[in-house]
Undergrad: 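Could you have a look at this structure, given as structure tokens, before my questions?
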2 protein chains.
Amino acid sequence: MSKSLLEQTPGETVACCSPLTREPLSADQAERIAPLVKAIADPVRLRLLSLVASHADGEACVCDLNDAFDLSQPTISHHLKLLHEAGLLDREKRGVWVYYRVDATALGDLAALLGGVTR
Amino acid sequence: MSKSLLEQTPGETVACCSPLTREPLSADQAERIAPLVKAIADPVRLRLLSLVASHADGEACVCDLNDAFDLSQPTISHHLKLLHEAGLLDREKRGVWVYYRVDATALGDLAALLGGVTR
DNA sequence: ACAAGACATAGATATCTGTCAATATCGACG
DNA sequence: CGTCGATATTGACAGATATCTATGTCTTGT
């Protein structure tokens, strides 16, 4: 069973949609997908995503990420929050540290939308 | 022979780079790719792109595109300009009309970056 | 309990972005 | 040529966004 458009998360919408190049996106679909794209439309967030994705064990501690940038800790925290809210990063607190991990499905859905790869 | 990073267009940079998830993006690469992603990080531009891409003959006249939105003509023109400058849309003037056409390579490069599909 | 460290939140501010109305440009056609 | 219709450019403005400093919240040692 499939949920109505209004109940879906952005990731679900991307997953359901035909690739960009096959048929016109509806206004609703576009409004739903855009935030997901916006989430990676920033050089810092692109790097954060790739840092987490390519890190050993597929996860990275915020402490590691902070060091990779010339930005304040709250700024990195802010970007991580945006990526998390977009569904692209999962967040897990273990002791004092917080680990982020890429949600491969969300990222794959985005690529599928753009490239027409049917998962 | 491959050009230096600074000589490359955004599209070329995307094409050259390993997928996001394989190794960390350098700051330079991220700064280069982000504008390309920003170009599609808007619901109107997503719809424009998909409208053009899925249009008969792979091209669409601005006059057709204007009608699909509740936005002023200059606003649509502005979005088309951004997509064109990002290398995602080609522009051709024929008589009074202007036709836009998707640059499939640029779009494919983006998808490859996100999804790890090697072209 | 307290102090310290890791991360998040809040508030402030400068810059960027999306939109519109007005105007310019450019080609076709009488 | 002069007008009309299609598209682009300009200038203005409201709202979003990226960044910082200051502060709050937890968790772990001592």
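Below, read A as the first sequence line, B as the second, and so on, with proteins coming before strands; counting in each chain starts at 1. Note that these values count all heavy atoms, side chains included, but never hydrogens, waters or copies made by symmetry.
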Undergrad: Can you check the A:Gln73 CD to D:dT23 P distance for me, whole Å?
TA: 15 Å
Undergrad: Please report, rounded to the nearest Å, how far the C1' atom of D:dA6 is from the CG atom of B:Leu65.
TA: 13 Å
Undergrad: What pair of heavy atoms forms the shortest contact from A:Val102 to A:Leu49, and how long is it?
TA: CG2-O, 3.9 Å
Undergrad: Give a yes or no answer on whether the side chain of B:Lys93 reaches the backbone of B:Val98 with a donor-acceptor pair at less than 3.5 Å.
TA: no
Undergrad: Within the 4.0 Å heavy-atom criterion, would you say B:Leu71 contacts the bases, only the backbone, or no part of the nucleic acid?
TA: sugar-phosphate
Undergrad: Start at the 5' end of DNA chain D and walk down; is the nucleotide closest to A:Lys38 or to A:Pro74 reached first?
TA: A:Lys38
Undergrad: May I ask you to say what A:Asn66 touches in the nucleic acid, namely base, sugar-phosphate or nothing, with a heavy-atom cut-off under 4.0 Å?
TA: nothing
Undergrad: How do A:His79 and A:Arg94 order along DNA chain D: which one's closest nucleotide is nearer the 5' end?
TA: A:His79
Undergrad: So, does A:Arg45 use its side chain to make a donor-acceptor pair with the main chain of A:His79 at under 3.5 Å?
TA: no
Undergrad: Is A:Tyr100 touching bases, backbone alone, or none of the nucleic acid, heavy atoms closer than 4.0 Å?
TA: sugar-phosphate
Undergrad: Tell me the interatomic distance from A:Asp70, atom CG, to D:dC20, atom C1', rounded to whole angstroms.
TA: 14 Å
Undergrad: Can you name the one residue among B:His55, B:Glu92, B:Glu59 that meets side chain to side chain donor-acceptor pair (under 3.5 Å) with B:Arg101?
TA: B:Glu59
Undergrad: Rounded to the nearest Å, what distance is computed from the NE2 atom of residue B:His78 to the P atom of nucleotide D:dT10?
TA: 12 Å
Undergrad: Whole angstrom is fine here: how far is it from CD in A:Glu92 over to C1' in D:dT27?
TA: 16 Å
Undergrad: Under the 3.5 angstrom rule, does the side chain of A:Ser50 hit a backbone N or O of B:Leu25 as a donor-acceptor pair?
TA: yes
Undergrad: With distance as the sole test, does A:Arg22 use its side chain to make a donor-acceptor pair with the main-chain N or O of B:Ala53 at under 3.5 Å?
TA: no
Undergrad: OP1 or OP2 of D:dC20 sitting under 4.0 Å from any side-chain N/O of A:Ser72?
TA: yes
Undergrad: Given atom CZ of A:Phe69 and atom C1' of D:dC20, what is their separation to the nearest angstrom?
TA: 17 Å
Undergrad: Mind calculating the distance between CG (B:Asp67) and P (D:dG5) to the nearest angstrom?
TA: 15 Å
Undergrad: Do A:Gln29 side-chain atoms and A:Ser26 backbone N/O form a donor-acceptor pair below 3.5 Å?
TA: yes
Undergrad: What are the bounds, 5' to 3', of the part of DNA chain C that sits under 4.0 Å from heavy atoms of chain A?
TA: C:dA6 to C:dT9
Undergrad: Find the distance B:Trp97:CH2 to D:dC4:C1' and express it as a whole number of Å.
TA: 12 Å
